[in-house]
Every structure is written in C-alpha cells, then in structure tokens.
Amino acid sequence: MTGGLDLAETPSPPSPRSAARKTALVSLALVLAIIGALVGGYYFAMRPVTLKIAVGPANSDDVKVVQALTQAFTQSKGQVRLRPIQTDGATASANALAEGKVDLAIVRGDLDVPKNAQAVATLRKNVVVLWSVPGKGKKRGAKITKISQLAGHRVGVVGRTQANVNLLKVILQQYNVDPAKVEIVQFPANEVAEAIKAQKADVYLAAGPVNSKITADAIAASTKDFGAPSFLAIESADAIAQNHPVYEASEIPAGTYGGSPARPDDEVKTISFSHHVVARKGVSETTIAAFTRQLFAVRQQLVTEFPLAAKIETPDTDKDAVIPVHPGAAAFVDGEEKTFLDKYSDYIWWSLMALSAMGSIGAWFAGYLKKDERDNNNHQRERLLDMIAAARRCETTEELDQMQTEADEILRDTLRCFDHGAIEEAALTAFNIALDQFHAAVADRKAVLFSLPQNLQRAGAQFRAAGNA
C-alpha cells in the first residue's frame, strides 16, 4: 500500500466574463476605428475645396466675371468653391500667385508670368485698337493713317497700366519709330471722352475685347467731336507675333464699332493677347481638373449677364505653349480626367491591406488576452492526467469521489474556455480523451476496492495515515 494521497487544491481560474468583456471592448474599438477611418476618408475626398483667386482692378470686367463664377460655383454645390482676392491689376495678381498667397490668378499674357504659374483657361482675348483724330482749330494737324507717321506726335493710352505703354513701344519698335520721339499720355478709362474732347492726343490706343464697351465709347466720342476716325492697321502683326510669342496676329471685323458708314469700314489687321486663368503649380491635379470642369459647365449660364463669359476657352495644351498647361486642366481638355476608381484605387487597396493587417493584429491581440485562460486550462488538463495515475493508487472510494468532483469542475471550466474561443476543437478532443481515461481509471479502481474486505480497506487507510504522520 502506498502512503496517503495528497491532492493539492487547484487555484481558481480567472473569470471568463472578464476576458470576454476585454475581447468585446477591443473588437468594438477596432470596428469604430475602421468606421471612423472610412467616414474620414470619404469626407476628405468629397469635401468642397475653396480656391483663392486674385483678380483686379476693382470694377473691371474680370472682377465681375469672377464674382459671377463664385456665385455659380456656390449654387451648383460643386467640389470647388472660389474666394476672390481683389488686387490693383494683372501685375499685382501675378505677384500674389508667385508669392503663394493665392491658388489662382487672372493675368495678362504679355506680362511676366510667374514661374510657378500653369494655364487653366483663356478668360478672353484682347485686340489692340489704334485710331487717329484729325482735331479742330489750331490743333488740327496732318491726317495720320500709318504707324510709321507717329514720330513727333502724341499718343493717348487708355488705362493706367504700364503694360499698355509697353505694348505701344513694341509696336513702335517694329516700325522703327523711336519711342522717345513719341509723346505718350495715359489717362484712366473713365476720362477717355474728356481727353478726346480736349484733344490731348493725336492718336489713341485701347486694348480690350473686340466688343469692349470702353473702346466702343472712346471711338464714339471721337466720332461725335471730330468726325469719322482713321483706324491704323498693324500690317506687321505676323512679324510681331513671330518675335513676341505672347502676341497673335488678329483682325478687327468691319463695322465692329457700329456707325454709318461702318466703323471701321473694312477689316483692320492688328495684334491680340490673352487674359489667362492660371493656377499655382502646387495645386492638386484633381482639384484643378474639377475647377476646369465646373468652369466650362457654368460658362453658358453667365453669357446672358456677362457676354464675355462666352469667350472663355480651353488652354493651349501643346508642349511649346507660352504658358505651360496645368496637368489637371490638360486631363480635362484631353478627356483623360481620372475616375473615382482611378484616383482612389491605390487608397482602397492599401485600406484593404490595412484592414487585413488590423484583422490579423486583432486576432493576435484577442488570443493574447485569452492567454491566461488558455494556460490555466492547460494546467488543468495536466492536473487531470496526474489524477489518472493517482486514481489507480487510491485506497478508498471517498478519495475517488473527491477526484471525480474535481474532474467535473475541470470539465466545466474546459467547456467554458471552448465557448470563449480560448481553446480550439483539437484541444477539446485531447481533453475528452484524458477525461475518458480518468473515468476508466476511477471505475477500475472502484471495482478493485469493492472486491476487498472492509477491514483491509480500513487497515490501508490507517497505515497511510500513520505514514503521513
């Protein structure tokens, strides 16, 4: 007979509810994080983008058109909104873009365009109009019909911008007329009529759209006070365009400025230049593509109120263009604008990869949280295996009953672990095998004990007790 069997008490396992609660909280946190990331990504992708656009001077047609575009963009609830930044003129607008203070700007093509500017659209084209006024009284001079006759005369330039003066000098130099021998007088557009009436110049220059009201009013004032003006053709327009790529050869159609007889009475050759909508180079390609699409979508809506809107054209996408086109505008013009999947497929793919990784991490973390419960179950299974050997050495049925009760508790905890996912089905199968062996050992030992006389069982128990003492 062996000595008394000392069954150590198994420590109570951690509460399964605690582990389940931790798992549920972690799972909820991961789901909320994923939903938050998706919602944030959608908001970031679909939120309206406000672009600051520099335009000037005040009360100019350009300012009015941009203000109308701003309202149209807001009403259409498009992806892009505009915020006009008023400047003193095209030069100031270009400087604001160069300094990164704005995203878009309206600039003259014949001025120095910032290096970080890329074309988005041609807002309008301007033609140069030169006409002479014969004068009256003592100021009446010889009739001027050619640009080569301007030496020694006064030329009135409409507008205060230096760009128009530089434009006149380019024309004079083409005809070998020394600008120093020409008296240049500038006056604002609202003083044109008074200047013509006071005969402040012999020839006048205006630059604007073909249907410019300023130019038309100036020519009407000349006609009213001095009769039909003489329009000076720029016959060397092609040569000027060749030497200065910012200019183009153009024509003023007969009768553009009305009257009877028509003013002019025949087509007049001249040069033209453009006002451009340019974007800062760093602005997103997707944003500029959306802006360009919205611009041409609302163009027709503005024609009734602003006829100049009909003159808005797509930019020159040639590689040798004077102002390089913005990739976003080029994508719209060439029909290569990216779809939603084209733009965000990489993000979607990486998001799926991230979700997969998060799932793996979540599964590992959930398993880590159940590590204590799993280790405790492994300990209980080892305890059950030890009880198999102990059952075969028991001397009384009471000890077997105690071990049976303990085995029932181990079974209960094991099934609970399986329900919580702490152990897999293979581990449960192994436990069942051990439990069957334990039950068989207990049944065999009880059969042996029941076959012994009661006095032998009591003697064995007393002997074991003496040995332990």
Side-chain angles (χ1 to χ4, degrees), residues 49 51-55 62 65-66 69 72-73 76 78-82 90 93-94 96-98 100 102-127 163 209-210 237-238 240-251 271-303 306 308-345:
V49 178
L51 299 178
K52 292 184 289 185
I53 179 169
V55 59
D62 290 346
V65 170
V66 169
L69 286 174
F73 279 18
S76 65
Q79 184 180 350
V80 176
R81 310 289 171 85
L82 293 178
S93 298
L97 186 79
V102 294
D103 307 299
L104 302 168
I106 308 298
V107 301
R108 279 181 59 151
D110 60 339
L111 294 178
D112 291 335
V113 178
K115 294 181 179 180
N116 65 337
Q118 294 180 318
V120 174
T122 299
L123 186 63
R124 58 186 169 90
K125 289 190 176 182
N126 308 281
V127 295
V210 172
D238 292 318
I240 293 176
Q242 182 68 29
N243 296 330
H244 304 274
V246 294
Y247 300 115
E248 297 179 8
S250 187
E251 295 84 22
I271 60 174
S272 65
F273 61 92
S274 300
H275 269 56
H276 300 279
V277 181
V278 295
R280 185 166 43 83
K281 190 175 182 180
V283 181
S284 166
E285 178 179 338
T286 302
T287 301
I288 294 301
F291 167 79
T292 310
R293 183 176 63 255
Q294 290 179 212
L295 174 64
F296 287 96
V298 303
R299 178 180 58 176
Q300 294 303 321
Q301 302 175 16
L302 306 178
V303 171
F306 297 100
L308 284 177
K311 303 297 182 181
I312 299 177
E313 300 177 358
T314 56
D316 185 358
T317 58
D318 292 340
K319 293 183 179 180
D320 58 349
V322 176
I323 303 178
V325 66
H326 194 285
F332 170 79
V333 173
D334 297 336
E336 297 177 355
E337 191 175 357
K338 294 181 179 179
T339 64
F340 179 85
L341 289 178
D342 292 334
K343 291 184 290 186
Y344 300 109
S345 59

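Numbers here simply count residues along the sequence, with the first being 1.
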Identify each donor-acceptor pair in which a side-chain atom of residues 314-326 lies under 3.5 Å from a protein atom, sequence neighbours left out, and give them as a table.
{"residue": "D316", "atom": "OD1", "partner": "D318", "partner atom": "N", "Å": "3.0"}
{"residue": "H326", "atom": "ND1", "partner": "G328", "partner atom": "N", "Å": "3.0"}
{"residue": "H326", "atom": "NE2", "partner": "V283", "partner atom": "O", "Å": "3.1"}

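Partners of R280 under the side-chain hydrogen bond (donor to acceptor under 3.5 Å, both in side chains) rule, at least two apart in sequence or in another chain, are D103. For S93, the side-chain hydrogen bond (donor to acceptor under 3.5 Å, both in side chains) partners at least two apart in sequence or on another chain are T87.
V210 is not listed as a side-chain neighbour of N126, based on a closest heavy-atom distance of 4.5 Å or more. Residues V120 and V278 form no side-chain contact, since every pair of their non-hydrogen atoms from C-beta on lies 4.5 Å or further apart. Taking the side chain as every heavy atom from C-beta outward, V102 and I53 never approach each other to under 4.5 Å. A heavy-atom distance below 4.5 Å is not found between the side chains of H275 and K125. Counting only heavy atoms from C-beta outward, the side chains of K52 and L82 never approach each other to under 4.5 Å. Contact of the E248 side chain with the F273 side chain is not registered, since no non-hydrogen atoms from C-beta on lie closer than 4.5 Å.
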### Task
With side-chain contact (heavy atoms from CB on, under 4.5 Å) as the test, would you mind laying out the steps for V298 and L69 before giving the verdict?
CA-CA 8 Å; V298 303; L69 286 174; 3.8 Å; yes

### Message
Quick one, V55 with V65, criterion side-chain contact (heavy atoms from CB on, under 4.5 Å). Give me CA distance, side-chain angles, the key distance, then yes/no.
### Response
CA-CA 10 Å; V55 59; V65 170; over 6 Å; no

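Scanning all heavy atoms of the two residues, the minimum distance from D238 to A249 falls at OD1-CB, 3.0 Å. Looking at every heavy atom in both residues, L111 comes nearest to A90 through CD1-CB, 4.0 Å. Considering all non-hydrogen atoms of both residues, A309 and V303 come closest at CB-N, 4.4 Å. Of all the heavy atoms in G109 and H276, the pair that sits closest is CA-CD2, 3.8 Å. In plain terms, the two heavy atoms of A121 and L295 that are nearest each other are CB-CD2, 3.7 Å. Residues I312 and F296 approach most closely at O-CE2, 3.9 Å, considering heavy atoms.
The aromatic rings of F291 and F73 lie perpendicular to each other, with more than 60° between the two planes, well past the 30° mark.
Distance OG1/T286 to CD1/I288: 10.0 Å, rounded to 0.5 Å. From I271, atom CD1 reaches atom CD1 of I240 across 4.5 Å, with rounding to the nearest 0.5 Å. Taken from CZ in R124 to CG in D62, the straight-line distance is 4.0 Å, to the nearest 0.5 Å.
Q294 places a side-chain N or O within donor-acceptor distance of the main-chain N or O of V80, the cut-off being under 3.5 Å.
No more than 12 heavy atoms of other residues, nucleotides or ligands sit less than 6.0 Å from atom CD of Q242. Other residues, nucleotides and ligands contribute over 12 non-hydrogen atoms within 6.0 Å of the CG atom of N243.
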